[in-house]
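Proteins come first, then strands; the chains are lettered A, B, ... in the order of their sequence lines, and each starts at number 1.
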There are 2 protein chains.
Amino acid sequence: MLAEVEKIENFLKQRQIKLTEERKLIIDEMLASQRHFGPEELWEHLRQKGKRVSRATVYRTLELLIEGGLVKKVCLGEHCFRYEHILGRKNHSHMVCLKCGALIEFLDEAIDERQKLLSQQQGFEVLSRCFQIFGYCKNCTQ
Amino acid sequence: MLAEVEKIENFLKQRQIKLTEERKLIIDEMLASQRHFGPEELWEHLRQKGKRVSRATVYRTLELLIEGGLVKKVCLGEHCFRYEHILGRKNHSHMVCLKCGALIEFLDEAIDERQKLLSQQQGFEVLSRCFQIFGYCKNCTQ
DNA sequence: CACTTATTGATAATCGTTCTCATATTGTGA
DNA sequence: TCACAATATGAGAACGATTATCAATAAGTG
């Protein structure tokens with residue numbers, strides 16, 4: 001965790017971005033919380049702890065961390081965008097349970113390889129990708 | 001095209017859904033247009049042809065066709081949902097060019113296989129999936 | 001043709017997110 | 001340590017895509 005905070009602070013310094021109280025709060029809360037979270041959720045958690053930051057600041061800070069490659073925004077269905085911090089994590093994908101909302105992370109070399117091959121064939125330069133499988137998890141099909 | 005219209009009309013009949021003038025217009029426009037389109041776009045096209053339907057009706061009709069498995073809604077990045085009709089088309093994925101907006105469809109047996117295997121391992125029942133690759137297309141990297 | 005039921009249009013409501021701008025805070029260089 | 005320019009913040013307005021509302025209208029059945 002320390003290493004993670006440091007990585008983030010380094011990123012901010014490099015870019016002449018100020019390490020404000022609010023940003024610290026948001027980053028700490030993010031690292032302490034579940035891997036996947038929504039902005040509203042994070043904001044509410046802070047508020048419950050008596051730490052009041054503006055919703056706008058939450059969005060702005062997350063946006064900043066995305067630019068720095070420290071956070072990723074994932075589309076988990078219709079109107080559901082969530083964030084996850086990706087410090088030291090490999091690029092993975094998600095299975096999303098439509099009943100209980102469970103998220104199963106997965107990653108697979110074989111898929112990565114194929115994907116690389118297919119983009120090369122098209123002369124397509126890959127920046128990011130987004131793979132979700134929707135359905136019912138083990139618990140919800142039993 | 002005829003077969004497609006028929007397939008849609010059959011679906012409507014089976015479900016006791018009325019084949020109204022407005023729905024015909026929307027379906028025709030959809031089949032005549034680009035594979036991928038937004039609701040606003042479709043609405044505007046109809047309007048330009050002097051066919052006035054309510055935006056709400058466009059959304060409602062597309063929703064209906066999704067239920068019937070005749071149309072699919074795809075998330076192509078941040079705030080970009082688009083529709084595509086999937087009559088007689090295999091389940092495919094997209095490469096999205098972030099510069100020119102080009103869409104390259106692809107499908108790959110190997111990826112499908114892996115994906116099937118991975119979900120089985122998790123005891124996950126797959127309903128649908130969504131795979132996008134973001135980056136720059138051939139023309140935009142040259 | 002009449003009647004039940006589904007559908008439509010216009011517009012208000014919603015919801016997550018972004019913008020605005022006056023005020024406050026940070027970090028630097030003296 | 002202080003002063004100052006540059007950045008960041010908060011509160012709420014604005015936004016944009018989508019959905020809901022509900023009275024008026026149209027479809028299809030018998």
Engineer: With side chains defined as the heavy atoms from C-beta onward, is the minimum distance between Leu19(A) and Lys24(A) less than 4.5 Å?
Structural biologist: yes

Engineer: Decide yes or no for Lys51(A) and Glu29(A): does some side-chain heavy atom of the first lie under 4.5 Å from some side-chain heavy atom of the second?
Structural biologist: no

Engineer: Counting only heavy atoms not in Arg52(A), do more than 12 fall under 6.0 Å of its CZ?
Structural biologist: no

Engineer: Does CD belonging to Gln16(B) count more than 12 external heavy atoms closer than 6.0 Å?
Structural biologist: no

Engineer: I need the CG-P distance between Leu12(A) and dT25(C), as an integer number of Å.
Structural biologist: 19 Å

Engineer: Pick out which of Met30(B), Gln34(B), Lys73(B), His92(B) makes a side-chain contact (heavy atoms from CB on, under 4.5 Å) with Glu84(B).
Structural biologist: His92(B)

Engineer: Report, one pair per line, the protein and nucleotides 12-14 of chain D atoms (nitrogen or oxygen only) whose separation is under 3.5 Å.
Structural biologist:
none

Engineer: Mind calculating the distance between CZ (Arg15(B)) and P (dT5(C)) to the nearest angstrom?
Structural biologist: 18 Å

Engineer: What nucleotide among dT8(C), dA17(D), dT17(C) has an atom nearest to a side-chain atom of Tyr59(B)?
Structural biologist: dA17(D)

Engineer: Without decimals, in angstroms, what is the distance between Arg82(A) CZ and dG16(C) C1'?
Structural biologist: 13 Å

Engineer: Answer yes or no: are there more than 12 heavy-atom neighbours, outside Gln121(A) itself, under 6.0 Å from its atom CD?
Structural biologist: yes

Engineer: Between Arg47(A) (CZ) and dG10(D) (C1'), how many Å, whole number?
Structural biologist: 12 Å

Engineer: Given dG9(C), dT9(D), dT7(C), identify the nucleotide with an atom nearest to the side chain of Arg23(B).
Structural biologist: dT7(C)

Engineer: Should the heavy atoms of other residues, nucleotides or ligands under 6.0 Å from CD of Gln48(B) be counted, would the total exceed 12?
Structural biologist: yes

Engineer: Look for any protein N or O under 3.5 Å of an N or O in nucleotides 27-30 of chain D and output each such pair with its distance, or none.
Structural biologist:
unit_1  : atom_1 : unit_2   : atom_2 : d
dA27(D) : N3     : Lys18(B) : NZ     : 3.1
dG28(D) : OP1    : Leu19(B) : N      : 3.4

Engineer: Starting from C1' on dG16(C), measure out to CZ on Phe81(B) and report it in whole angstrom.
Structural biologist: 12 Å

Engineer: Please classify the nucleic acid contact of Arg60(A) as base, sugar-phosphate, or nothing, using heavy-atom distances under 4.0 Å.
Structural biologist: base

Engineer: Using the closest heavy atom to pick a nucleotide of DNA chain D for each, name whichever of Glu40(B) or Glu22(B) lands nearer the 5' end.
Structural biologist: Glu40(B)

Engineer: Mind calculating the distance between CG (Leu76(B)) and P (dA17(D)) to the nearest angstrom?
Structural biologist: 15 Å

Engineer: Glu40(B) and salt bridge (charged side-chain N to carboxylate O under 4.0 Å, His left out): which partner among Arg47(B), Arg82(B), Arg55(B)?
Structural biologist: Arg55(B)

Engineer: Taking atom C1' of dG27(C) as reference, at what distance in whole Å does atom CD of Glu9(A) sit?
Structural biologist: 14 Å

Engineer: Quick one, Arg23(B) with Ile17(B), criterion side chain to side chain contact (heavy atoms under 4.5 Å, CB included). Give me CA distance, side-chain angles, the key distance, then yes/no.
Structural biologist: CA-CA 10 Å; Arg23(B) 285 178 179 157; Ile17(B) 292 169; 3.1 Å; yes

Engineer: Please report, rounded to the nearest Å, how far the C1' atom of dA17(D) is from the CD atom of Glu41(B).
Structural biologist: 14 Å

